[in-house]
2 protein chains.
Amino acid sequence: MPRSRVSAETVLHALGDPTRRAMVERLSRGPLTVSRLAAPLNITLTAVVQHLQILEASGLVHTEKLGRVRTCRLETSGLTVLEQWIHDRRSLWERRLDRLGDLLAEEQE
Amino acid sequence: MPRSRVSAETVLHALGDPTRRAMVERLSRGPLTVSRLAAPLNITLTAVVQHLQILEASGLVHTEKLGRVRTCRLETSGLTVLEQWIHDRRSLWERRLDRLGDLLAEEQE
DNA sequence: CTAATACTGAAGTATAGACTTCACTATTGG
DNA sequence: CCAATAGTGAAGTCTATACTTCAGTATTAG
């Protein structure tokens, strides 16, 4: 069964931004409402919500709205996808045969 | 002993760009010269070198110049730093006590 | 020695995307 | 019911950075 529909591409793009990293950092300590999450960041609530959309799409954060309050919590599936990505690159690298063949093949061009 | 001087911040920033991800992807299959690495990317050699500088600073890639040819290879230390970062966030998240105390403390403001 | 190769460096352009403003809706406390 | 709270959505600004051009150096093949 496919555990997740999000790609490592999406996760890495999401974590490429320092503000979003700060948000993930903060949420890894525990769930927060949007306003609480926004408070220490010196940007508008609107900007925070925009970042949240990207974090949600990447599987790093899950949000849920109850009444007028949206609560955000870290979702580990984004981290799992990233872990797998690292593992794959590492395997490829370790199994590389210092592909002399490829180098020679590419030679004529 | 500090295994690495590079931060997860640097690594995540480096991997935030799709071109740099493509370069890492390619290098995980084995070492390449700058020109070879650049060939399939539709950008100038100069741009590739600029990306390489960021990848090197992040500990994801090591390059070495022999004569006029610079060879690039994946450096796993960048990946290790990232793996550790994921592990840390995950631990924090799993040990969170759904900090009701914090929520109440932040209440007055 | 000359030409071609493989980069390097400085300096400018151009665009993705982070951020803002502002007007709006939905919920809740008093 | 009214005001305050909590967030939403559209549309535009503005800046970091990805990318280019061009002119240069060092190395190597013939």
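The figures that follow rest on heavy atoms only: side chains count, while hydrogens, waters and symmetry mates do not.
- Clustering ILVMFWY residues whenever any of their side-chain heavy atoms sit less than 4.5 angstrom apart, transitively, puts B:I54 in a cluster other than the one holding B:V48.
- Applying the 4.0 Å criterion to OP1 and OP2 of C:dG17, one finds that A:H51 has every side-chain N and O outside that range.
- Checking the phosphate oxygens (OP1, OP2) of C:dA18, a side-chain nitrogen or oxygen of A:R20 falls inside 4.0 Å.
- Projected onto DNA chain D by closest heavy-atom contact, B:T46 and B:I54 fall at different nucleotides, the more 5' of which corresponds to B:I54.
- Looking only at atom types and distance, the side chain of B:R90 has a donor-acceptor partner in the side chain of A:T80 under 3.5 Å away.
- Toward the 5' end of DNA chain C, the nearer of the two residues A:N42 and A:H13, judged by each one's closest nucleotide, is A:H13.
- Residue B:T44 places none of its side-chain N or O atoms closer than 4.0 Å to OP1 or OP2 of D:dC19.
- Taking atom CE of A:M23 as the reference point, atom P of C:dC19 lies 10 Å away to the nearest angstrom.
- A residue-by-residue look at A:D17 and A:V69 shows that A:D17 has its nearest nucleotide of DNA chain C further toward the 5' end.
- The CG atom of B:L45 sits 14 Å away from the C1' atom of D:dC22 (whole-angstrom rounding).
- Atom CD in B:Q53 sits roughly 12 Å away from atom C1' in C:dA10 (whole-Å rounding).
- Regarding contacts with the backbone of D:dT17, every side-chain N or O of B:T19 stays at 4.0 angstrom or more from both OP1 and OP2.
- A donor-acceptor contact under 3.5 Å is formed by the side chain of A:Q50 with the base of C:dT20.
- Nucleic acid contact for A:I43: sugar-phosphate only, since backbone atoms but no base atoms lie under 4.0 Å from a heavy atom of the residue.
- For the side chain to side chain contact (heavy atoms under 4.5 Å, CB included) test with B:L37, the passing option among B:L27, B:T71, B:L45 is B:L27; the others fail.
- Rounding to whole angstrom units, NZ of residue A:K65 and P of C:dT25 are separated by 14 Å.
- Counting to the nearest Å, the C1' atom of C:dA18 and the CG atom of A:L41 are 13 Å from each other.
- Atom pair B:L37:CG and C:dA6:C1' shows a separation of 14 Å (rounding to whole Å applied).
- Straight-line distance from the CZ atom of B:R68 to the C1' atom of C:dA6: 6 Å, rounded to whole Å.
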#### Entry: Audit row: A:C72, A:L32, side-chain contact (heavy atoms from CB on, under 4.5 Å) steps and yes/no
CA-CA 5 Å; A:C72 315; A:L32 287 168; 5.5 Å; no
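- By the rule that hydrophobic residues join a cluster once side-chain heavy atoms approach within less than 4.5 Å of another member, B:L60 and B:L41 end up as members of one cluster.
- Rounded to whole angstrom, the span from the CZ atom of B:R70 across to the C1' atom of C:dG9 amounts to 13 Å.
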